[in-house]
2 protein chains.
Amino acid sequence: MVTMRPATADSQSVQDFLKAVYTLQQKMERVSTNALAEMLSISAPSVTDMAHRMMLAELVNYEKYHGVRLTETGEREALRVIRRHRLIELYLVTDLGYALHEVHDEAEQLEHAVSDRFIAALAEKLDHPTLDPHGDVIPAIDGTFHYRELCKLTELPLGIKAKVACLTSNDPDILRHLMDKGFTLGSQIEIIARDPFDGPLTILIDGKSAVVGCTAATYISVEQDKGACK
Amino acid sequence: MVTMRPATADSQSVQDFLKAVYTLQQKMERVSTNALAEMLSISAPSVTDMAHRMMLAELVNYEKYHGVRLTETGEREALRVIRRHRLIELYLVTDLGYALHEVHDEAEQLEHAVSDRFIAALAEKLDHPTLDPHGDVIPAIDGTFHYRELCKLTELPLGIKAKVACLTSNDPDILRHLMDKGFTLGSQIEIIARDPFDGPLTILIDGKSAVVGCTAATYISVEQDKGACK
DNA sequence: GTAGTAGTTTAGGCTATTCTAAAAATAATG
DNA sequence: CATTATTTTTAGAATAGCCTAAACTACTAC
Ligand SMILES: [Mn+2]
Ligand SMILES: [Mn+2]
Ligand SMILES: [Mn+2]
Ligand SMILES: [Mn+2]
């Protein structure tokens, strides 16, 4: 650490780090080493080390004891990796017959191995899509990000009609559970009853009645039908 | 090197090493460290080191100063990687619009990143093909290898009709040159004239006349029409 | 404002993969 | 069969990513 060389943006570790910072940055001003360690499943000292090297590479702005934030370059790189990840996920579902719960882990590897040429071919073949199979927005090549006004299913008021917009989990088990319950992107949804004390929700999915635990519901975001929310 | 840990078959380096040994083994009884260093573009000492570790992993049989040979496990692993590589190449051409000269480098990376699930999906989608876009045989899942009796274009007798069966190069420039000349897998071919002193060949490709340098011709293998060869 | 706790960083290490320079062994040559 | 020349191996080193244990900061609660 006397001499420390800057990180290069083309390694798997660095790319995953960039994604992690980007994601956590949405929720917090500066991203702590512990938060990153947790998300990346590596030790905190490893994060500190990486933070140093990525600072030298001008990918993050890092202040000792005060976490990390992406620089402009860092954010551009992060979005590039996220774009790859999500395009690959979508491709796996639409062209290779993957189930929703199978795509994340595969994309987590492929995003680092694939060339720009490959990504361009996918984007072309999928007709430049804007949403991945989880309902997450795919950043455009220029980093543009088509925003959406969503709310969590847990916060949807009773009796208001909405559509399932996003299944926000990378855990295959959770996703499979949600699929089993009948949650699919775009399905019509409405909360019929809400049990107290974090109890289950009784809902209508495309007319069919179902019950979901409130923890599972956490992973579902919805878009309210034609302007009622807020 | 006092303590040396065995290599694990799931690293990129090890997988590429296995492929290299497999390929060179076809031509020579035992594969020298120098030959491997050359093919893998790494130094000879690096090869020696890897040979040691792969011996511990029982992937190769290595004798000091006498090169390396794949064990049964090693050969199985090598064929697995080659299968991946070739299925990916074929997929890139048939489904993603890649040109022949673009596929090798992409596959060289993807072969290590992709899951068994992914390869199964490709094989399914391509209807369990046996030849990659260069004309190389794709090993079956069980390691089975459908052999073919080919001869080099340079050795094809004058006036004998044959079909282009394999374009044996990974160099994009060479492949592009061959494509430009009109060589495509399956095209009908016949040598009209052969210049002496390693001079160019005058040939007929699907009826059209062309001239190829003899070095370029080296990369072309043909299959003679209905039993005339040998 | 000081003590304690929770979060971060430093110190020191380890592995896989690579390298160069030097030594050793094999192969080729007369 | 000696002497070169060519290969190959050993020695020693570097780097990226990781880790654990110990030291240090910063925030929180009296
Ligand atoms: Mn990843
Ligand atoms: Mn996704
Ligand atoms: Mn490879
Ligand atoms: Mn090929």
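Proteins get letters first, then strands, A, B, ... in listed order; numbering begins at 1 in each.
With sequence neighbours excluded, no residue forms a side-chain contact (heavy atoms from CB on, under 4.5 Å) with A/Asp180. Applying the ring-ring contact (aromatic ring centres under 6.0 Å, His included) test to B/Tyr65 and every residue at least two apart in sequence or in another chain returns nothing. Evaluation of the salt bridge (Lys or Arg N to Asp or Glu O under 4.0 Å) rule for B/Arg53 yields B/Asp49 as partners, not counting sequence neighbours. Looking at residues two or more places apart in sequence or on another chain, you find a salt bridge (Lys or Arg N to Asp or Glu O under 4.0 Å) between B/Glu77 and B/Arg80. With sequence neighbours excluded, the residues satisfying side-chain hydrogen bond (donor to acceptor under 3.5 Å, both in side chains) with B/Thr144 are B/Asp142.
Dashed line: the shortest gap from a side-chain N or O of B/Thr48 to OP1 or OP2 of D/dT10 is not under 4.0 Å. Close to D/dT6, at under 4.0 Å from its OP1 or OP2, lies no side-chain N or O of B/Asn34. Note on A/Ser32: a side-chain N or O is less than 4.0 Å away from OP1 or OP2 of C/dT8.
The distance between atom CG of B/Leu36 and atom C1' of D/dT8, rounded to the nearest whole Å, is 13 Å. When the P atom of C/dT9 is taken as reference, atom CD of A/Glu63 falls 11 Å away, rounded to whole Å.
Closest of all the heavy-atom pairs between B/Met28 and B/Ala35 is CE-CB, 4.3 Å.
Residue pairs satisfying the side chain to side chain donor-acceptor pair (under 3.5 Å) criterion with at least one member in residues 4-18 of chain A, sequence neighbours excluded, are listed as follows: A/Thr8-A/Asp10, A/Gln15-A/His112, A/Asp16-A/His112. Pairs passing the ring-ring contact (aromatic ring centres under 6.0 Å, His included) check and including a residue from residues 10-59 of chain B, sequence neighbours excluded, read B/His52-B/Tyr62. Under the side chain to side chain donor-acceptor pair (under 3.5 Å) criterion, the residue pairs touching residues 128-141 of chain B are B/Glu89-B/His134, with sequence neighbours excluded.
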Atom pairs and distances, side-chain donor-acceptor, residues 212-221 of chain A, under 3.5 Å, sequence neighbours left out:
| residue | atom | partner | partner atom | Å |
| --- | --- | --- | --- | --- |
| A/Thr218 | OG1 | A/Cys214 | O | 3.1 |
| A/Thr218 | OG1 | A/Thr215 | O | 3.2 |

Nucleotide N/O of nucleotides 15-19 of chain D paired with protein N/O under 3.5 Å:
| residue | atom | partner | partner atom | Å |
| --- | --- | --- | --- | --- |
| D/dG17 | OP1 | A/Ser11 | OG | 2.5 |
| D/dG17 | OP2 | A/Arg53 | NH1 | 2.5 |
| D/dG17 | OP2 | A/Arg53 | NH2 | 3.2 |
| D/dG17 | O3' | A/Ser13 | OG | 3.4 |
| D/dC18 | OP1 | A/Ser13 | OG | 3.1 |
| D/dC19 | OP1 | A/Ser43 | N | 3.3 |
| D/dC19 | OP2 | A/Ser43 | N | 2.7 |
| D/dC19 | OP2 | A/Ser43 | OG | 2.7 |
| D/dC19 | OP2 | A/Ser46 | OG | 2.5 |

Between protein and nucleic acid, restricted to nucleotides 24-29 of chain C and to nitrogen or oxygen atoms under 3.5 Å apart, what atom pairs and distances do you find?
| residue | atom | partner | partner atom | Å |
| --- | --- | --- | --- | --- |
| C/dA25 | O4' | B/Tyr65 | OH | 3.2 |

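Atoms CZ and CD, on A/Arg117 and B/Glu106 in that order, are 8.0 Å from each other to the nearest 0.5 Å.
Taking a 4.0 Å limit (strictly below) on heavy-atom distances, residues 15-27 of chain B does not reach DNA chain D anywhere.
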